[in-house]
J.: 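Sharing a structure below in C-alpha cells format, with a few things to ask.
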2 protein chains.
Amino acid sequence: MHLNTTSPMSVDKKDHIINAAMELFAEKGFEGTSIRDIAAKADVNLAMVNYYFGSKEKLFEAMVEQKATFMRGQLEALESDKELTELEKVDRIIEAYVDRFLSNPGFHKVIQQEMLKSQREEMHQKAINIFIKNTQNFNSIIEKGIKKKVFKKVDPPLVFASIIGTINQVLVSKKVCNVFAGKDPCYDPYTDEHFKKRLLTHIKQMIHSHLLNQ
Amino acid sequence: MHLNTTSPMSVDKKDHIINAAMELFAEKGFEGTSIRDIAAKADVNLAMVNYYFGSKEKLFEAMVEQKATFMRGQLEALESDKELTELEKVDRIIEAYVDRFLSNPGFHKVIQQEMLKSQREEMHQKAINIFIKNTQNFNSIIEKGIKKKVFKKVDPPLVFASIIGTINQVLVSKKVCNVFAGKDPCYDPYTDEHFKKRLLTHIKQMIHSHLLNQ
DNA sequence: AATAGTTAATTAAACGTTTGTTTAATTCAA
DNA sequence: TTGAATTAAACAAACGTTTAATTAACTATT
C-alpha cells in the first residue's frame, strides 16, 4: 500500500492524475468518467489511480480538496477589514469570484454539477456548507451597508445569488459566450482579459445601481 | 416492436416512465441513473423501458421533447407585441422564466447538467441553440429600449445571463434556499408562493435599477 | 355471444460490455 | 536487498440491451 510518500516524482504524478480527472469530470460528469478514461488522459497505468487514491470517489475528494484549498480564506479576511467601505468590499468580492471562476472553469463546473445532483451526500453537503458560509459572509456586509443607509433595502442572499448565478451562467457554456463575444465556437473566452473585464463591468454596474440610492 | 399505439393505457405508462426518469436524472444525472433505477421508480418491468423508448438515450430525448414542448412559443410572441413597452416586456419575460423554472425544477436541473457537460453532443447543441435563440430574443428588446433612450446602455446578453443565472442559482440547491428562507432543509421552497414572490421582486428591482435612468 | 386468431404488452432470464477494484508478478530505485 | 512503483491480467458486480416465452387485449368470424 502506498503511504503518502514525499517523493517529488509521485507527487507530480498524483497532481497529474488529479488534473486529468478534473477536466474529465467537468466535461463528462463523475459517473460519466471511467477510471480508464482518467488513466488514459493522464497517460498512466489503470491501476495507478487506485494505487494512489484508493478509489474513484477518494480521487474525487482529493481533487476537490486540492482545488478548494487553493482558493480559501481570502473572503473571510475581507469582512472584518476596517479600511474598506461596504461598497468597496462588495466590489472586491465580485472581483474575487469572477477571477476565481474564470481561472478555474473546470473545477467550478464540477462543483456546480455536484450541487445540482444530490449523489455523494457527503460531498454535496460539503459544497452546500461552503456556499452557505460565503452567503452569510456576504449578507453581513450588505446588512451593515443597509444599516448605515448607504445601501438600499435589498434582499442580501438573493443579491449574492445574482452575482454567483451570473458568473455560473457564463461558465455553463463556452459556446454561448462566444456567440455574444463574436468569437468562433472553439475560442476560449475565459482566458480572454477583454471578456473578463466585460463581465466584471456588467456585474458591478448592475449591483451598484441595485444597492445605491441616487 | 412497438409502434406508437394510441391506446391510452400505454401513453399513460410512457408518461409515467418519463416522469420517473426525469426525477432520477435531476437527482443523480444521466449516467448516474440506471434503467433498473427508472423501472423500479416507475414500478414497471425493466424491459418495458427499452420496449417503449428503444434505448436509455432515446428515453432521455423523449423526456426533453415532452417537457420542452410544454413551454415553448410564449416568449416569441412577446417580442413582436406592439401593446407593451420594452420594460413591460422585460417584466413579462422575468415572470415567465421564474414561473417556469420554479414549476419544473427537475427538468431545468437536467438541462443545466446537460449544458455544463458536453456529453451527448447532439442534446448539448440543442440546448445551447434554444438558449442562444432566447438570448437573441431578449437582446433585441433591450436594444430597442436603448435606442428609445428608456434604457441605459447595458450589456444585453449579460443582463439575460443575470436573470437566468439568478433563477438557476436558486434552483441549484433547495437546502441553500431554505437556510435563507428560514425553513427546515426538507421544505420545498419552489412551490411556496411567498418565496416565488420574493425572488420575482428581487430580480425585477435589480434589473429595473440597472436598466432605467433616474 | 362465443370463439379463434392476431397483435400488443409484459415478463424473467440471459447476453455481452463496461465498470471499479484487486491481484500477483515485475521493474525500478535506494 | 528491500520496499516502493508499475504493470498486465483477472475479478465480481452492474450496466444497457436483447431474447424468447407468456399473458392480455383486441378483431373478425361464426
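All chains are named by letter (A, B, ...) in the order of the sequence lines, taking the proteins before the strands, and each is independently numbered beginning at 1.
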J.: Do A/Q112 and B/Q113 have side-chain N/O donor and acceptor atoms under 3.5 Å apart?
T.: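 A/Q112 vs B/Q113: no donor-acceptor pair found between side chains.
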J.: Just the rounded figure in Å: distance from P of C/dT23 to CG of A/N45.
T.: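 Rounded to the whole Å, the gap is 16 Å.
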J.: Could you please name the option among C/dT11, C/dA9, D/dG16 that lies closest to any side-chain atom of B/Y52?
T.: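 Nearest to the side chain of B/Y52 among the choices is C/dA9.
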J.: Over how many whole Å does the gap from A/M48 atom CE to D/dA5 atom P extend?
T.: 7 Å
J.: Rounded to whole angstrom units, what separation is found between the CG atom of A/N50 and the P atom of C/dA24?
T.: 16 Å
J.: Starting at CZ of B/F53 and ending at P of C/dT10, how long is that distance when rounded to a whole Å?
T.: 12 Å
J.: Among residues at least two apart in sequence or on other chains, which ones pass side-chain contact (heavy atoms from CB on, under 4.5 Å) with B/D43?
T.: none
J.: Measure CZ/B/R36 against P/D/dC15 and give the value in whole Å, please.
T.: 6 Å
J.: Whole angstroms only, please: what is the CG-P distance between B/L46 and D/dT18?
T.: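 Rounded to whole Å, this separation is 12 Å.
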J.: If we ignore angles and hydrogens, is there a donor and acceptor under 3.5 Å between the side chains of B/N104 and B/K109?
T.: no
J.: Under a 3.5 Å cutoff, is there a donor and acceptor pairing between the side chains of B/N134 and B/Y97?
T.: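 Yes, a side-chain donor-acceptor pair sits under 3.5 Å.
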J.: Figure out the OH/C1' separation between A/Y51 and C/dG20, and round it to whole Å.
T.: 19 Å
J.: Provide, to the nearest angstrom, the distance between the NZ atom belonging to A/K13 and the P atom belonging to C/dC28.
T.: 12 Å
